[in-house]
Structure formats: C-alpha cells, structure tokens
Amino acid sequence: MKIFPLSFSMLILALVISGQVYASTGANTGANSGAETDTGENPEQDRQALRAYYENLFPGVPADAHKDGIYAIDAPSRAQWQEMEEFPLYEIAVDEGEELFYTPFDTGVTYADCFENEGAVKQLYPHFDEHTSSVVTLEMAINTCRATNKTTALEYGSAELNNLSSYIAFVSRNQKVQVAEPKTAAALAAYKAGKRFYSTRRGHLNFACTSCHIQLAGRKLRAEKLSASLGHVTHFPVYRFKWQEMLSLHQRFAECNSQVGALPFDLQGVEYRNLEYFLSYLSNGMQLNGPATRK
Amino acid sequence: MKKPGIFLPTIVALLLVSGCNDSGQVKDNTPPQALSEPALQTPATDKRTTSEIIANAKTLHLQARQLGHAWSTTQDHITEAEKLLAAKDMVSAQVSALRAELSASASIAQSHSEQNAWQDRFPK
C-alpha cells in the first residue's frame, strides 16, 4: 500500500519530465522539453495553425481577408481606406516605377528583360536559393538585374528602388503568394531563423513582433488597432502617411524595431530577409494587393 | 519518515501538470512590459572615471549588437554622456554613462532570457 502511491507518483513525475503528459493532454510543449524539433521545421503546420488562430480570434473574418491588413478587422478605417483608394497616393510611385522599368540600361536591356511576364513576378519572391544558401528578395533581384547590366546597385530603401518595386507590385496584383515550402535543411534553417526573429522580444520595451500581431492582434495600442500577421507581406510597398513617402517591407521592419527601442538591422540583411521569407510562407495562397496606403 | 518520500514527488508532479494544462494555443501570454532600469549606483560610490564607464558601456553595447539585441536607448545614453563630458558637466555625464552601462547589460540579459522563451509565442 505504501509502495504503490510512491511508484505511481514517481511514474507521473517521470512522464511529466519526459513530456508524455503534455502530449496526451494536447497542450503545448514546454520551451525546454524538446520543442527545438517542432519549431520552424514544419512550415505548413505553422501556416495552418496561424490561420486557425486568427479564424478563432476574429470569427466571421476569413483568414484570406487579412490581405487588407488592419482594414480587414477595423470597419471605420476600412471605409476611409476605400475612399483613399479612389485617388491613391502610391500612383505617382507606380508611374515613376513604370518609366524606370522600361528605360534601357547602357547595354540596351531593360528590367522587362530581367523579369518575365512584364514584371508580374512579385508572387515568386522571396525564394530560397540553394546555390547561395540564402533568401533572395525582389529588391535583390532588381539589383542583380542592374549588376548584370553593369549598372550600380540602388540603395535599399531609396525612392528609385521603392518606385520600381511599387510598379512590380502593381502589375502583380491578384496573383497569389506562392513561396515554395522550405524542405532542405538550409531553407528550413532560414525559415526557422525568421520565425525566431518574429517571436523574440527586443528593445527596452521588451516587445516581440508576436506581442502586437499575435498576442494583441485586434486590440488597441494607443489609438491604433493592431493587425494580424497574416497578409503583412501582400500589400508592400506602401505609401505611409507618417513618412509622406513609399516604404518597403524592410523599412517597416526597421521602424517596428526602432519603435520598441531596439537597434534596427540592415535593410536586406540576412535577418530581415529570413523574416520576410517566414512571413511570406505564412501568407501563401493570399492575393497580392500592393502597393497600398497605410497610416 | 516515509511520508515526504510519497508526497513530494506527487506535489511536484501535480504542480507541473497544472502549469501545463492550459487550453490556449499560445503558451506565453505575458503582456509585454518595458524592462525597468535597475537602480543606478550613485555616482559618488563608483570609483571609475566617466570615460572608463563610457568605454565599458561601449564594449557591452557592441556585445549586445553581436547578439542581435542592442537597444537604441544604450546608444542614446552613450551619446549623451559623451556630450555632457565634453561640456564638463561631470555629474550628469557620469549618470548618463552609468545608464548606458546598465542599459547595455539589460540588453545582453534579454538576449539570454530569449534563448528559449521565443518558442512559446507562436500558435501550435
């Protein structure tokens, strides 16, 4: 009689330590109980879990509706945004981008020769390049096109580069994000690095991207409602009222980092490219609707 | 004599089970809170020169950068300390230098505490 309870309690303790009880109750695995193997190594499971999370958090809002960002869940802001779309402020950037797109380099070649389908290629970026073992973004591809034609690279975040990517985003509208599922070890590592970046708290305010866009999504931070992570990549570049100019996705990443008191990383550096890769995979199948306007 | 041997593992097991049996999809739901700066050592008790404190703050800040966790506030405090030192406002310069040092130390501590914590913040 005395031995049984001891053995039983020891068994429970052993099961808890080995993680068996967590698994049987369907709860999450602990941070230090072997989660390393299931974080970032099953991207499709992550994508489905995130969609289910938002469908549960915002009943009646289909997951794909988050392509409109905050306007999917904030009716008054949506009405204002739809009015803005009648005379969108990104139009100038699109026009200037189109002109640049068809202006030949000294070699006589234009961007249209580098990017097939008249530039409607945004859905193919970012992608993981196995040869360089790194994530390739649209902005990098634009500069690769320039380098191939013996033209100096554009500065990341520059107006010229943002205008070109705005034009490419515009002609790519209605295409669906189609990032190939990371399967190789290197691609999975890049995806996992992006996921880790997204979930890591930074800055003296101690915020992770997930703090605002998963944990507090739909709630207010000061006067602004917080959007869902899904669809964050579909509408960039954006004309940002606060900046009075076009803004790339990586500039927005840097702004978010600064806002929480963290030193931002280099635009198109490995950290932000991995982050873009991770976020883009999560938005797979969602319609591209950039460029856009945001507050 | 035998009772503690029976109950201790049971209590530990129950505590562990109850702590992990939530039904939420995101395990870490702790609201984001700004990290508070630890109380400054008063300048009078710090025997180092302001320049030495600034140099140490810069070393720690560089370390935080290499860990990917540098804070912009650290840089601001360093810049301010250097400016005040140049203006010969010694007391304020030392306070800013100490703040820079503490801020850099806290950013490094954050990188350590986030090593595993990030894994509980994504829906599963």
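In what follows, chains carry the letters A, B, and so on, assigned in the order in which the sequence lines appear, proteins first and then strands, with residues in each chain numbered from 1.
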Inset, instruction - Measure distances from A/L282 to the heavy atoms of chain B and classify the residue's part below 4.5 Å as side chain, backbone, both or neither. - result: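 The answer is the side chain of A/L282.
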
Inset, instruction - Please look at A/T210 and chain B and tell me whether the side chain, the backbone, both or neither of the residue comes under 4.5 angstrom of a heavy atom of that chain. - result: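 Just the side chain, heavy atoms under 4.5 Å.
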
Legend entry - Candidates B/E114, B/Q115, B/Q119 - the one meeting side chain to side chain contact (heavy atoms under 4.5 Å, CB included) with A/R196: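 Going through the options one by one, the only one that passes is B/Q115.
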
Legend entry - Heavy-atom neighbours of A/Q178 CD exceed 12 at 6.0 Å: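 Yes - once you tally the heavy atoms of other residues, nucleotides and ligands closer than 6.0 Å, there are more than 12.
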
Inset, instruction - Hey, could you give me the CG/NZ distance between A/D46 and B/K124, rounded to the nearest 0.5 Å? - result: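 Reported value, rounded in 0.5 Å steps: 9.0 Å.
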
Inset, instruction - Rounded to the nearest 0.5 Å, what's the gap from NE2 on A/H204 to OG on B/S72? Could you check? - result: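 Going from NE2 on A/H204 over to OG on B/S72, the span is 7.0 Å.
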
Legend entry - ring-ring contact (aromatic ring centres under 6.0 Å, His included), paired with B/F122, selected from A/F278, A/Y198, A/F197: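 Answer after filtering A/F278, A/Y198, A/F197: A/F278.
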
Inset, instruction - Sequence neighbours left out, what pairs pass salt bridge (charged side-chain N to carboxylate O under 4.0 Å, His left out) with at least one residue falling in residues 57-83 of chain B? - result: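 Of all non-adjacent pairs touching residues 57-83 of chain B, those that pass salt bridge (charged side-chain N to carboxylate O under 4.0 Å, His left out) are B/K58-B/E82.
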
Inset, instruction - Indicate the atoms forming the closest heavy-atom contact of A/A49 with B/P123, along with that distance. - result: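 Minimum heavy-atom contact is CB-O, 3.7 Å.
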
Inset, instruction - Against chain A, work out which of B/Q75, B/R121, B/H69 has the most heavy-atom pairs shorter than 4.5 Å and name it. - result: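 When all of B/Q75, B/R121, B/H69 are compared, B/R121 has the most.
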
Inset, instruction - For side-chain contact (heavy atoms from CB on, under 4.5 Å), just list the numbers for B/Q110 and A/N206, CA-CA rounded to whole Å, side-chain angles, deciding distance to a tenth of an Å, and then say yes or no. - result: CA-CA 8 Å; B/Q110 183 186 53; A/N206 206 27; 2.9 Å; yes

Inset, instruction - Name the option with the most non-hydrogen atom pairs under 4.5 Å to chain B; the candidates are A/Q215, A/E271, A/R201. - result: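 With the most close heavy-atom pairs to chain B, the winner is A/R201.
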
Inset, instruction - Not counting sequence neighbours, which residues clear side chain to side chain contact (heavy atoms under 4.5 Å, CB included) with B/S113? List them please. - result: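 Checked B/S113 against side chain to side chain contact (heavy atoms under 4.5 Å, CB included); zero matches.
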
